[in-house]
Amino acid sequence: MIEIPEAPAPAPAPAAALRTRGWLRSNPLLAAGGAVSALIVLAAVLAPLIAPDPGDAGSATHPFSVLKPPSAQHWFGTDQVGRDILSRVIYGARISPLVALFVLLIACAIGIPLGIAAGYFGGWLDDVIMRLTDIVLAFPALLLALALAALLPPSMTSLTIAISATWWPWYVRLIRGQAASVAGRPYIESCRALGISRRRIIFRHILPNAITPLIVQVSLDVGGVILTASALSFLGLGAQDPTPDWGLMVSEGQTYFTTDWWVVTFPGLAILITAFAFNLLGDGLRDLLDPRRVILR
Amino acid sequence: MTRYLARRLALAAGVVAGVVLLTFLIAHAVPGNPAASWAGPHASPAQVAAAAKYLGLDRPLPVQIAKYFAGIFTGNWGLSIHTHQSVLSNIATAAPASLELVIAALIIALAVGVPAGLVSARRPGRPADQAIRAGSILGVSMPIFWMALILQLVFAQRLHVLPVAGEYSPSLLFTNPLTKVTGFPVLDALFTGNWPMLGSTLSHLILPAVVVAAYPAGLISRMVRAQILDTVGETHVQMARALGLPERDVFGRYLMKLAWSPVSAAIALVFGYSLVNTFLVESIFDWPGLGSYAVASIGTLDTPAILGVTLFVAIAYVIANLIVDIVQAVIDPRIRLR
Amino acid sequence: MKRHRALPVAAGSALALLLAACSGSTYHASTQPQQTSAQTFTYDTYTPVMIDGWDPATEYSNGIIAMSLMYQTLTHYNSATHQIEPELATSWSSSDNGLTWTFQLRHGVHFHTGRLMTAQAAADAIQRTIKENGGAAYIWGAVKTIDAPSEYTLVFHLKYPSPLDLEASADYSAYIYDTQAAGSGGNLTKWLNTPHDAGTGPYSLQTWNSGQEFEVILKAYSGYWGGWSGAHYKRVVFRVVPQDTTAVQLLKSGQVSFIEQMSPTLWSSLKGASGIKLVSAASWQNLLGQLNTRALSLPVRQAISYGIDYKGMIAALSGAAIPSSGIVPAGLLGHFTDLPNYSYDPAKATKLLNAAGYGPGKKALNLSLTYTQGDTNESIVATLMKSDLAKLNINLSVQSLSWPTQWAKGKSSTASQHQDIFMEYWWPDYADPYSWFINLLATEKTPYFNLSYYSDPTLDGMINKVEPLVATDRSAAEQLYKQMQVRILGTAPILFLYNSNYQYAMQNNFTGLQVNPAYPNVVFVYDLKPTGS
């Protein structure tokens with residue numbers, strides 16, 4: 001979930017990168033976040049190798065060993081059709097971060113051009129685009145995604161479309177702020193006077209300045225998208241069985257929860273840890289790249 | 001002040017109009033045949049055509065939009081397919097329960113988040129700060145449907161210290177019937193002096209409210225911390241320190257006021273976010289609010305109800321933002337002059 | 001409409017489905033404050049009870065759990081003894097050709113409206129039920145005329161022989177009620193839906209809180225012909241609790257007496273719990289997968305029948321299911337264990353598929369299955385089927401739909417909308433296997449319940465023959481049912497997945513419960529003896 005967008009930050013000072021080592025030492029949480037995020041991505045990539053029963057993440061079922069508690073054979077137990085939960089949780093790591101990646105790519109693909117158009121050109125274009133984003137932002141994030149996803153046929157594609165449709169306005173605002181602040185600078189006027197094309201200005205001056213806050217915002221948003229996606233899957237609006245989506249696994253396991261706690265606990269824990277890790281990472285990147293943040297000793 | 005008020009109201013009205021338009025577009029852009037759903041599963045093609053005519057679906061688009069707007073503003077939000085009742089009346093019945101839940105959650109979030117943020121900012125970088133920062137990030141990373149299930153299992157099913165589900169104990173209705181005054185069970189029990197019912201409603205409120213409070217608490221604590229650390233270098237604070245005022249006073253009088261500003265701005269945001277979060281939590285706790293209604297509507301593909309709830313929450317969100325802006329303008333004159 | 005038996009799912013509160021606009025100054029219609037639990041039997045169900053209205057002629061859903069306490073039938077089927085017992089009729093006989101049935105009615109029975117039940121009153125009720133033609137009115141299909149030659153003698157003249165004594169014991173559309181309850185010129189249906197009840201049963205309606213947790217409250221009818229001597233429950237409360245875990249809490253704390261349904265694992269976890277009794281009993285309900293005979297050829301249908309791990313399915317359902325043999329469940333006429341049933345044989349399935357060009361290594365076959373949303377057992381079965389068929393290179397796409405949507409899709413006039421496999425439960429309307437055949441397998445011009453779209457003139461001929469045969473030559477009827485089942489096993493229009501087991505949990509403080517699959521999930525509370533422990 002995105003926090004209130006803050007005022008655009010000026011270009012980062014080169015010294016920021018040199019502070020990294022000392023910063024890492026004094027921020028163990030953030031280092032941990034980065035490490036865990038990397039581990040999750042690694043698990044997703046290596047899933048076929050590390051999962052004990054890769055077939056269970058697909059359509060394989062084992063009806064004679066349903067709802068077995070955690071044991072040496074099945075570290076996370078088995079679900080209501082006998083599938084190994086550990087394997088499904090590992091394969092689930094492929095789904096959430098990938099959805100987040102697509103959503104944020106689409107949000108950037110929409111948000112960057114619109115933001116530049118609004119911020120750089122200003123005028124009526126700015127007004128129109130801003131009103132449009134205001135209206136979309138008038139819906140709390142999950143709500144619009146939910147309404148869209150509920151009306152589309154349930155699938156991961158619909159889920160991705162629905163969340164992207166609600167996420168892009170933040171990026172418009174962000175880029176617009178950047179574009180507007182840069183566009184107003186005197187040296188840009190000089191560029192124009194010299195006859196340098198708008199395109200060059202956009203690509204050589206505006207975009208590079210916008211990259212850093214964009215990276216910060218994206219990394220902060222990964223956790224939010226993962227939570228939104230798992231919430232929609234929990235409601236049955238995203239992944240369908242047998243896809244090993246964590247939100248779906250929690251939803252399917254609800255009926256058995258009081259007698260077989262492991263079906264719900266481990267997938268949910270995976271969502272928590274993943275969102276937590278990416279949020280820590282995002283926080284850390286923001287602290288690193290945003291020199292406005294004064295850390296008082 | 002009135003100029004600011006007028007401007008804000010006009011802006012809000014414009015946004016609401018845009019929201020209504022957007023829900024209309026969603027309803028009609030999405031694949032599906034509303035006339036067929038209305039006519040029902042047994043309808044013949046002739047009946048479906050008649051339904052289309054009745055629903056005005058054969059009219060040109062601008063006319064449809066105008067009719068839709070007119071319907072919304074006169075209270076005709078359509079008929080819910082799964083309850084066969086007016087969507088607006090369903091929402092009106094369900095809304096108080098959700099509002100009660102969200103308000104209780106916000107109270108908990110403020111009570112936990114603001115002090116946590118202050119403590120965190122007091123000695124930044126120290127273990128307490130690290131722990132609170134970790135906790136608040138945990139709060140905003142929590143999948144709340146999972147948290148609801150876990151807490152329900154631990155506290156209600158296993159430890160039996162809290163009730164499993166519901167707004168209050170239904171058997172109490174026989175011995176201590178509750179009269180409706182405000183529509184909020186907790187307040188009604190309080191106002192009518194119905195103590196057993198008050199205890200029951202409060203104990204039933206605890207688990208769902210704590211779950212919904214997790215995200216706002218985390219968010220508020222982070223914002224308070226950030227705001228204080230940002231303003232701690234400001235000149236008037238430094239001046240207060242230079243004058244030798246004790247740190248406690250500096251914190252209490254100056255920084256608190258400044259910390260409040262982003263929090264109050266965020267209230268509307270977390271209100272909207274929490275209201276939607278109830279969708280995930282209410283069905284787990286059998287809480288008869290908008291969330292349960294929305295989930296049931298999703299399950300039965302009840303398009304009018306889904307859109308009605310979406311519209312309602314969006315409008316509530318716009319109004320919440322409006323109220324917060326006006327309150328902030330009242331407190332801080334600089335805003336009015338912008 | 002035949003209602004599916006859905007297993008509760010924690011998400012999605014059924015209570016929210018019927019939010020009544022709250023009017024008035026109280027939260028819920030309150031009832032009398034005193035509530036002696038020793039005399040109150042609380043039946044916990046997971047879905048609203050009276051969703052089909054209050055008309056005993058047209059009720060065709062969950063409402064019988066309450067209606068069977070307010071209304072009665074001429075005869076009653078005792079599934080333990082396989083005997084038809086007297087209820088509102090004390091004796092009956094049929095003519096030699098089976099075309100005339102004479103019932104002697106019980107004297108001194110009064111409707112809850114106060115009127116005396118005579119043969120004419122009973123005739124009026126049945127005739128109205130036939131006229132309304134809702135619910136299971138087809139059970140009276142053989143009736144030509146009904147006479148009441150004397151005050152307590154009821155005579156039926158039939159068009160063809162039919163086991164009327166059995167049909168009169170049906171759980172739907174066989175109730176005897178007061179057709180004059182609304183007064184002369186009054187609209188009876190409207191009067192009934194107020195709601196009021198016009199039955200003869202031991203309990204009568206006290207309160208109906210539509211859409212709320214304590215939905216139906218019944219009180220003892222003091223003028224009941226059976227009398228109230230001895231220990232009886234005086235009040236019956238139907239409590240709607242969508243979450244089975246909540247229901248179990250209520251049972252453990254003594255707030256409910258009986259839980260209708262819960263997940264099998266939850267039921268098993270209650271073994272040994274103090275004060276709680278568990279009852280597991282075979283029902284007459286089976287889970288079927290109707291195969292689209294127009295879209296799927298015979299070898300493919302047979303291959304699918306061989307390609308499903310039935311034993312695995314039953315193992316996964318932890319006691320909620322038992323194997324089926326043919327289409328007729330145990331305890332009914334026409335049940336046989338020596339039928340050519342399908343068993344899990346992937347090799348045979350592969351051979352059959354290969355002949356049609358499908359199977360592993362060859363062309364993939366794409367099939368669609370629909371099941372009823374909200375039923376966790378069906379969801380597990382669908383998942384298992386998907387994985388079983390995947391091994392045969394069959395891609396089964398599974399869709400969970402709400403029952404009205406699932407049914408509408410199956411009945412659609414556009415054949416391309418039809419699913420390949422329609423999963424639903426079926427159970428009979430009276431203690432006879434006829435219901436399965438006439439509803440699911442007889443040729444239909446427009447699809448209604450025959451969602452295999454199966455048309456078999458030979459079978460139709462057998463179906464027409466069998467019902468009169470039951471009335472005149474029972475053992476011949478039995479053999480005919482066997483032949484019919486052998487035939488449909490050969491032509492494979494339906495997958496017989498399993499037979500359901502009732503899994504009830506209840507308090508230990510009463511005796512006398514008899515599980516009777518002829519009246520699914522009905523607890524005849526009058527017959528229970530509270531022991532007050």
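Residue numbers start from 1 in every chain, and the chains themselves are labelled A, B, ... in the order their sequence lines are given, proteins ahead of strands. Computed from a predicted structure; not experimentally measured. Values below: all heavy atoms of this structure, side chains included; hydrogens, waters and symmetry mates excluded.
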Candidate pair Phe234(A) and Ile144(B), rule side-chain contact (heavy atoms from CB on, under 4.5 Å), full reasoning: CA-CA 11 Å; Phe234(A) 173 77; Ile144(B) 74 162; over 6 Å; no
From Tyr273(B), Tyr317(B), Phe279(B), residue fulfilling side-chain contact (heavy atoms from CB on, under 4.5 Å) relative to Leu143(A): Phe279(B)
Proximity breakdown for [X] and chain A, heavy-atom pairs closer than 4.5 Å:
{"X": "Arg123(B)", "value": "neither"}
{"X": "Ile137(B)", "value": "both"}
{"X": "Ile315(B)", "value": "neither"}

Steps toward side-chain contact (heavy atoms from CB on, under 4.5 Å) verdict (Ser230(A), Phe145(B)): CA-CA 10 Å; Ser230(A) 68; Phe145(B) 50 90; 3.8 Å; yes
Provide the closest heavy-atom pair for [X] versus [Y] in the form atom of the first, atom of the second, distance.
{"X": "Leu138(B)", "Y": "Phe276(A)", "answer": "N-CE1, 3.5 Å"}
{"X": "Val318(B)", "Y": "Ala138(A)", "answer": "CG2-CB, 4.0 Å"}
{"X": "Pro140(A)", "Y": "Val276(B)", "answer": "CB-CG2, 3.6 Å"}

Trace of the side-chain contact (heavy atoms from CB on, under 4.5 Å) decision for Val140(B) with Leu227(A): CA-CA 9 Å; Val140(B) 305; Leu227(A) 283 178; over 6 Å; no
Atom pair CG (Leu280(B)) and CG (Leu235(A)), whose distance is rounded to the nearest 0.5 Å: 5.0 Å
Contacting region of Ile226(A) [heavy-atom separation from chain B under 4.5 Å]: neither
Region of Leu132(A) that comes under 4.5 Å of a non-hydrogen atom in chain B: neither
Exam field: side chain Arg131(A) to backbone Val15(B), donor-acceptor pair closer than 3.5 Å: no
Choice from Thr274(A), Leu280(A), Ile135(A) maximising heavy atom contacts with chain B below 4.5 Å: Ile135(A)
Verdict with reasoning, Leu272(A) to Met147(B), per side-chain contact (heavy atoms from CB on, under 4.5 Å): CA-CA 10 Å; Leu272(A) 176 61; Met147(B) 184 183 175; over 6 Å; no
For chain A, the option from Thr310(B), Leu11(B), Ile150(B) that forms the most heavy-atom pairs under 4.5 Å: Thr310(B)
